Amino acid sequence: MAARQASIARKTKETEIAVKLDLDGTGVYKISTGVGFLDHMLEQLSRHSLIDLEVQAKGDIHIDFHHLTEDTGIAIGQAVAKALGERAGIQRYGDALIPMDETLTRVALDVSNRPYLIWKVNFTRPKLGDMDTELFKEWFQAFAQNAGITLHVENLYGENNHHIVETCYKGLARALRAAFTLDTRSPHAVPSTKGTL
């Protein structure tokens with residue numbers, strides 16, 4: 001099986017982002033976006049998915065964190081899609097039910113190359129640290145669109161906004177880990193009756 005690794009460099013007038021990842025890693029990460037809370041979430045994504053992830057990002061955060069957050073999702077999604085190649089041999093589907101104290105979140109996904117996001121997550125605070133909570137949906141949307149993943153994220157209940165968003169990222173991580181696992185019974189076939197994803 002070929003190495004499932006990829007690097008992406010993305011530069012616009014608003015952001016400059018470099019991503020390197022290995023889908024068959026051990027969850028080693030090196031993250032620097034200039035946004036502390038986003039760094040924390042991407043570290044969780046790497047650790048719980050076992051995807052080795054390096055992200056170096058800078059952008060116009062003197063305006064706000066929107067461009068950097070969205071573009072980081074785009075670049076990581078593009079790297080995932082590149083590393084997956086033809087998507088042969090993968091389990092394709094993944095899901096996770098993640099508790100964190102009073103919070104419970106469900107994530108389900110299909111690595112279908114048909115991007116779609118269902119986001120049923122509400123926050124009661126406008127910010128976590130310096131980050132606007134409305135930007136988390138933007139990150140998940142950008143990631144799903146560029147990775148080619150149908151992604152459903154639903155917070156079933158919870159009170160602490162930090163716990164709510166952290167369970168979303170951990171749920172994504174665990175669902176990706178399941179979906180990206182190679183199928184030993186069908187290691188070379190694309191998991192679709194179409195023969196392609």
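Owing to the predicted nature of the structure, the values given are computational and were not obtained by experimental measurement.
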Check your understanding: How long is the span from the NE2 atom in His66 to the CE atom in Met131, to the nearest 0.5 Å?
Key -> 10.0 Å
Check your understanding: Given the rule in the side-chain contact (heavy atoms from CB on, under 4.5 Å) test, do Ile31 and Ser46 qualify, once you have shown the distances and angles that lead to the verdict?
Key -> CA-CA 10 Å; Ile31 312 290; Ser46 172; 5.6 Å; no
Review point. Looking only at heavy atoms, what is the nearest atom pair of Gln5 and Asp22, with distance?
Key: NE2-OD2, 3.2 Å
Practice item. Look at the side chain of Asn161 and the backbone N and O of Thr124, then say whether any donor-acceptor pair between them is shorter than 3.5 Å. Key: yes
**Study point:** Where Gly171 and Ile98 come nearest, the two heavy atoms and their spacing
**Key:** CA-CG1, 3.5 Å
**Study point:** Joint hydrophobic cluster, Val190 plus Leu23, side-chain heavy atoms closer than 4.5 Å
**Key:** no
Practice item. Give a yes or no on whether Val55 and Val165 share a hydrophobic cluster (residues Ile, Leu, Val, Met, Phe, Trp, Tyr; joining criterion: side-chain heavy atoms under 4.5 Å apart). Key: yes
Point to revise | Note: Glu43-Arg47 ion pair, threshold 4.0 Å (strictly below) | key: no
Check your understanding: For Lys30 and Glu54, what are the C-alpha separation, side-chain angles and deciding distance, and is it a salt bridge (charged side-chain N to carboxylate O under 4.0 Å, His left out)?
Key -> CA-CA 5 Å; Lys30 185 177 179 182; Glu54 293 183 25; 5.7 Å; no
Practice item. Start with the C-alpha distance between Leu45 and Ile51, add both sets of side-chain angles, then the distance that settles side-chain contact (heavy atoms from CB on, under 4.5 Å), and finish with yes or no. Key: CA-CA 8 Å; Leu45 178 66; Ile51 296 171; 6.0 Å; no
Practice item. Please examine the side chains of Leu156 and Leu97, heavy atoms only from C-beta on, and report whether any two atoms are closer than 4.5 Å. Key: yes
Review point. In Å and rounded to the nearest 0.5 Å, what is the CD to CH2 distance from Glu154 to Trp119?
Key: 11.5 Å
**Study point:** Side chain to side chain, Asn155 and Asn122, heavy atoms closer than 4.5 Å
**Key:** no
Practice item. Quick one: closest heavy-atom pair of Val111 and Ala179, and the distance? Key: CG2-CB, 3.7 Å
Practice item. Could you tell me whether the side chain of Trp139 reaches within less than 4.5 Å of the side chain of Ile76, counting heavy atoms only? Key: yes
**Study point:** Val121-Val107 co-clustered via ILVMFWY side chain contacts under 4.5 Å
**Key:** yes
Review point. Between the side chain of Asn160 and the main-chain N/O of His162, is any donor-acceptor distance below 3.5 Å?
Key: yes
Check your understanding: Which atom names give the shortest non-hydrogen contact between His67 and Asp60, and what distance separates them?
Key -> ND1-OD2, 2.8 Å
Check your understanding: Does Phe123 CZ have over 12 foreign heavy atoms under 6.0 Å away?
Key -> yes
**Study point:** Inter-residue atom distance Lys170.NZ - Glu166.CD, 0.5 Å rounding
**Key:** 4.0 Å
Exercise for review: Starting from the C-alpha separation in whole Å, work towards a yes-or-no answer on side-chain contact (heavy atoms from CB on, under 4.5 Å) for Thr15 and Arg10.
Suggested key: CA-CA 8 Å; Thr15 62; Arg10 187 176 193 277; 4.2 Å; yes
**Study point:** Side chain to side chain, Arg92 and Ser192, heavy atoms closer than 4.5 Å
**Key:** yes
Point to revise | Donor-acceptor pair, side chain of Ser112 and main chain of Ile149, under 3.5 angstrom | key: no
Point to revise | Flag side-chain contact, heavy atom, 4.5 Å: Asp52 against Thr26 | key: yes
Review point. Are Thr33 and Leu68 side-chain neighbours, meaning at least one heavy-atom pair lies under 4.5 Å?
Key: yes
Point to revise | Polar side-chain atom of Gln141 near backbone of Leu117 as donor-acceptor pair, under 3.5 Å | key: no
Check your understanding: Got more than 12 heavy atoms from elsewhere within 6.0 Å of CD, Glu14?
Key -> yes
**Study point:** Atom pair CD (Gln91) and OG (Ser186), whose distance is rounded to the nearest 0.5 Å
**Key:** 9.5 Å
Practice item. Sort out for me which residue in Asp24, Leu50, Val80 forms a side chain to side chain contact (heavy atoms under 4.5 Å, CB included) with Phe180. Key: Val80
Check your understanding: Got Leu182 and Arg4 here, is their nearest side-chain heavy-atom distance under 4.5 Å?
Key -> yes
Exercise for review: Assess whether atom CG of Asp130 is packed by more than 12 heavy atoms of other residues, nucleotides or ligands within 6.0 Å.
Suggested key: no
Practice item. Find the distance between CD1 (Ile17) and CD (Glu70) and round it off to the nearest 0.5 Å. Key: 10.0 Å
Practice item. Give a yes or no on whether Lys127 atom NZ has more than 12 heavy-atom contacts from other residues, nucleotides or ligands under 6.0 Å away. Key: yes
Practice item. Determine whether Leu42 and Thr72 make a side-chain contact, defined as any pair of heavy atoms from C-beta on separated by less than 4.5 Å. Key: yes
Check your understanding: What orientation do Phe136 and Tyr169 show, parallel under 30°, tilted 30 to 60°, or perpendicular over 60°?
Key -> perpendicular
Practice item. Apply side-chain contact (heavy atoms from CB on, under 4.5 Å) to Leu172 and Val153, showing your working. Key: CA-CA 8 Å; Leu172 173 62; Val153 183; over 6 Å; no
Exercise for review: Examine Leu197 and Leu151 and state if one hydrophobic cluster contains both, with Ile, Leu, Val, Met, Phe, Trp and Tyr joined whenever side-chain heavy atoms are less than 4.5 Å apart.
Suggested key: no
Practice item. With rounding to the nearest 0.5 Å, note down the distance linking CG in Leu104 to CD1 in Ile164. Key: 11.0 Å
Practice item. Is it possible for you to say whether Phe65 and Leu38 belong to one hydrophobic cluster, with membership spreading through side-chain heavy-atom contacts below 4.5 Å? Key: yes
Review point. Taking Lys82 for the side chain and Ser7 for the main chain, is one N or O donor matched with an acceptor at less than 3.5 Å?
Key: yes
**Study point:** Residue pair Ala96 / Arg174: nearest heavy atoms and the distance that separates them
**Key:** CB-CB, 3.8 Å
Practice item. Specify the closest pair of heavy atoms between Ala75 and Val19, including all atoms of both residues, with the distance to one decimal. Key: CB-CG2, 3.7 Å
